[in-house]
Amino acid sequence: MATEVITSQFIVTFDPLSSILIFPMNLWKKSLLFQLVSSFLILSLIIVSLVGYMAFYQAKESLKNSIFNELNIAASLKREELNHWVFDQSQVVLAIAQMPELRTPAKTLFTLDKSSEDYKNIQRSLQASLSSFTREKSGLKEIFILSRGGRVLVSTDPSQIGKYQPLVQYSDIQADNQNSFVSNFYRSPLTGYPQITLVDQILDQDGKRLGLLAAHLNLERVDQVIRQRTDLDKTGETYLVGNMGSGLSNRYVLIASQTLGSDEFPDGINSDGIEQAMQGKSGEGLYRNYRGVPVIGVYYSLSNKDLALIVERSQTEAFTPARKLASSILLIGLILSGFMAIAMFFLGRQIVQPILAIVKTARVISQGNFQQTVPILSENEIGLLARTFNQMTIQLQIYYHQLEDYNRNLELKVTERTQELEDKNQRLIHALKELKQTQSQLIQNEKMVSLGQLVAGVAHEINNPVSFIYGNLDFASDYGKNLIQLVEAYQKNYPEPQAEIEEIIAEIDLEFIKRDLPQVYQSMKDGANRIKEIVLSLKNFSRLDESEQKRINIHEGIDSTLQILQTRLKSLPYCPEIQVIKNYGDLPLINCYPGQLNQVYMNLLSNAIDALQEGWEHQNPTCVIKQPQIIIQTTVMDQEWIAIEIRDNGLGISPDIKGRIFDPFFTTKPVGKGTGLGLSISYKIIVEQHQGQLKCDSNMGEGTQFIIKLPILRSESG
């Protein structure tokens, strides 16, 4: 962004981006060698980028086909295992239903009176037999016998005997149903968990249905099959999706033995793979899963449109080998391009050197030495250019002698006129120099005055409304208390108000208003106080109108900086609140540049906060921080120096980078989070501007300590 300064006579514009681009553009225009090397390097980088992209694309396509095969195999295995398990359970139920010792008493049970003793004996016998099967068969959760009307006559769960069960939730056993998954998942009305129920009809001698033998399956085996990882790496996921919506709208949910849906997705889940599978299609593709993560997935429709098996894997993990291959190709290409650019540099020098010799000779000739000639180093076009240049030099020598005669005649007149012009130029130069100095001083003074007025104006404009609000809060609080007292007096003297008043009291929740109104006034008062403190801290911290040294209290600058950083000290999801401990000594007033010292405090405290938050987030096993702390201590040393110590109990600084922390542009923070200039600027402010000392003491696992030393005698002499 360009910065524009307007005065009464000039508009001065400074554009940082233009100043950065001027040097390479000028070098491109003026250097043939730079043009040759740069053009070759740009062309080679384009070729390397194209090769890297093609390699990444081919590797990605190859990986995609391979991963699709792996996912299809995993999905097929899980689907077949589910089919076989449900088929086996159906055969177990069918075998139980066909056992004569169960089927004959069951038929007899339908013909007896429920109050008879024989009915109760047969019922107890059947219940004992069925209970033994549920204990022996882990896949069966409950077995029961239903009457034709849906009433439970016998059950392994005694609490269900005598209750009615809707027949629409059950699926008949099919002896040849081994190739398709029986997808009759539904929500149990008793437990709310998913449930599969298999039934077999109990018929009389004429083939008429007397009732049903039904069994609820134990779905924990389904969880084991689905959740079992089948070489899907870290991000692989396999899950069942069911349609629990109505006939008018679909609602797709995750299915597990203990839940339908999830708390994370109460309104259901959806993705392109789920949508295709629920429409009865099976296939594969690249899409975003129900969490919005790009995945490569395979989806199968099971039996009908109400159940789907999904197997997915994150695209980021799946295509990592392709990205590594492309990165390796790019790195090798860049290295080769660098070597070839170096070779091109030396080759270009062989071409440019004869041209530079001509340029050098031209400069000597331009100074009046017409005896100088260009050495002919080759027989090519450059050699021809050198011969032509030498011939031109001979012609210039002839013309030069002719001009000398004319110059002698003009010298006398020119000398006189020149002397007059030189005198005037000296006077103009002196006047222009004084004008520039005056203009620079005016611009600087105007800039400092404007900044001072801006700070004062902002503080004044904020303080006025805040003071008005703060001054009227007590009156508003008294008025509210008076109104509440008036309402309470009305309630006391008129205990039976009209219906309209009672409706209004209920609608506005009068009791809550009486409790909450004083708290609201107090919150507003605390907020106004907080704004006053922030305005005062900003004014003390900035000190924009103070460009000269000034006697200040060091502790005020530190406290103002802590006030500005207050929000960064609060607790985060991964880090508790940072505790600040201030051990202030009895310091004299120090003559210094307050704004520059405040900048140093800001840099050191911000780095300490970053170190504590990073250390708490990663929890390095060599240094577990019990309570993140920043300790600030000020002392007087030998009556000649004051010391300001800022210490944290973070992870510390490793020895290999400790010696570089004050170097410009050196930073250990990620890209975009640090410039590497904070400590370098702080060092210059303390050492060069204040003739002090700035040191760092840090050990891994024990935290970091920065020590600022400022001279008292020099500060007092100013």
Side-chain angles (χ1 to χ4, degrees), residues 554 557-559 561-562 564-585 596-635 637 641-711:
I554 292 295
I558 298 175
D559 291 338
T561 306
L562 288 173
I564 292 174
L565 293 173
Q566 191 64 37
T567 56
R568 294 200 58 197
L569 298 172
K570 295 182 179 179
S571 61
L572 297 173
Y574 56 84
C575 179
E577 181 178 1
I578 299 175
Q579 181 182 5
V580 178
I581 300 175
K582 296 185 287 188
N583 298 326
Y584 288 167
Q596 294 182 1
L597 283 185
N598 287 342
Q599 185 178 1
V600 174
Y601 305 149
M602 176 64 73
N603 290 333
L604 297 182
L605 289 172
S606 296
N607 286 344
I609 293 172
D610 292 338
L612 288 171
Q613 292 178 346
E614 179 182 358
W616 189 269
E617 180 179 8
H618 297 293
Q619 285 293 297
N620 192 319
T622 62
C623 175
V624 179
I625 306 173
K626 301 297 183 182
Q627 167 65 46
Q629 292 181 345
I630 297 176
I631 302 175
I632 305 173
Q633 183 171 339
T634 60
T635 55
M637 304 175 61
W641 297 81
I642 67 165
I644 305 170
E645 301 177 6
I646 299 177
R647 182 170 66 252
D648 64 69
N649 60 343
L651 300 181
I653 302 175
S654 60
D656 55 337
I657 65 173
K658 181 179 176 182
R660 303 179 58 193
I661 61 175
F662 294 117
D663 294 345
F665 302 107
F666 175 77
T667 179
T668 59
K669 296 180 181 179
V671 177
K673 295 190 67 176
T675 62
L677 293 175
L679 291 179
S680 175
I681 292 174
S682 300
Y683 187 84
K684 289 183 178 180
I685 291 174
I686 297 299
V687 177
E688 297 179 7
Q689 298 294 328
H690 293 83
Q691 285 71 53
Q693 299 177 9
L694 177 59
K695 297 181 180 179
C696 175
D697 184 14
S698 179
N699 294 315
M700 291 300 294
E702 298 180 4
T704 303
Q705 179 181 18
F706 284 92
I707 304 173
I708 303 171
K709 293 184 179 179
L710 296 175

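Values below: all heavy atoms of this structure, side chains included; hydrogens, waters and symmetry mates excluded.
- A heavy-atom distance below 4.5 Å is not found between the side chains of E614 and L651.
- Within the model, atoms CD1 of I686 and CD of Q693 stand 10.5 Å from one another, a figure rounded to the nearest 0.5 Å.
- If you take CD1 on I630 and CG on D648, they are separated by 6.5 Å, rounding to the nearest 0.5 Å.
- For the atom pair SG of C575 and NZ of K570, the computed distance is 14.5 Å after rounding to the nearest 0.5 Å.
- The closest donor-acceptor contact from the side chain of Q633 to the backbone of G585 lies at 3.5 Å or more, if one exists at all.
- From I661, atom CD1 reaches atom CD1 of I657 across 8.5 Å, with rounding to the nearest 0.5 Å.
- Taking each heavy atom of Q599 and I681 in turn, the nearest pair found is NE2-CG2, 3.7 Å.
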(request) Under the side chain to side chain contact (heavy atoms under 4.5 Å, CB included) rule, what do Y601 and I554 come out as? Steps first, then yes or no, please. (result) CA-CA 10 Å; Y601 305 149; I554 292 295; 3.4 Å; yes
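- Annotation: side chain to side chain donor-acceptor pair (under 3.5 Å) contacts of D656 (sequence neighbours excluded): S654.
- In this view, K658 and I653, D697 satisfy the side-chain contact (heavy atoms from CB on, under 4.5 Å) rule, not counting sequence neighbours.
- Nearest approach of F706 to C696, heavy atoms of both residues: CE2-CB, 3.7 Å.
- Looking at T634 and I642, their side chains never come closer than 4.5 Å, going by heavy atoms from C-beta outward.
- Across all their heavy atoms, H690 and I685 have their closest contact at ND1-O, 2.8 Å.
- One finds the CD atom of Q579 at 8.5 Å from the CD1 atom of I631 (value rounded to the nearest 0.5 Å).
- Under a cut-off of 6.0 angstrom, the local environment of CZ in R660 is sparse, with at most 12 non-hydrogen atoms contributed by other residues, nucleotides or ligands.
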(request) Test side chain to side chain contact (heavy atoms under 4.5 Å, CB included) on L597 and I708 and set out the steps. (result) CA-CA 10 Å; L597 283 185; I708 303 171; 5.6 Å; no
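- Between the NZ atom in K709 and the CE atom in M637 there is a gap of 4.0 Å [rounded to 0.5 Å].
- Closest approach of L562 and K582 over heavy atoms only: CD1-CD, 3.8 Å.
- N598 places no side-chain N or O within donor-acceptor distance of the main-chain N or O of T561, the cut-off being under 3.5 Å.
- Under the 3.5 Å distance criterion, the side-chain polar atoms of S698 are matched with a main-chain donor or acceptor of G703.
- Minimum heavy-atom separation, Y584 to D559: OH-OD1, 2.8 Å.
- Between R568 and I578 the shortest side-chain heavy-atom distance does not fall below 4.5 Å.
- The two atoms that bring Q613 and L572 nearest to each other are NE2-CD1, 3.4 Å, heavy atoms only.
- Under the salt bridge (Lys or Arg N to Asp or Glu O under 4.0 Å) criterion, K684 pairs with no residue at all, not counting sequence neighbours.
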(request) Let me see the working for L605 and V580 under side chain to side chain contact (heavy atoms under 4.5 Å, CB included), right down to the final yes or no. (result) CA-CA 10 Å; L605 289 172; V580 178; over 6 Å; no
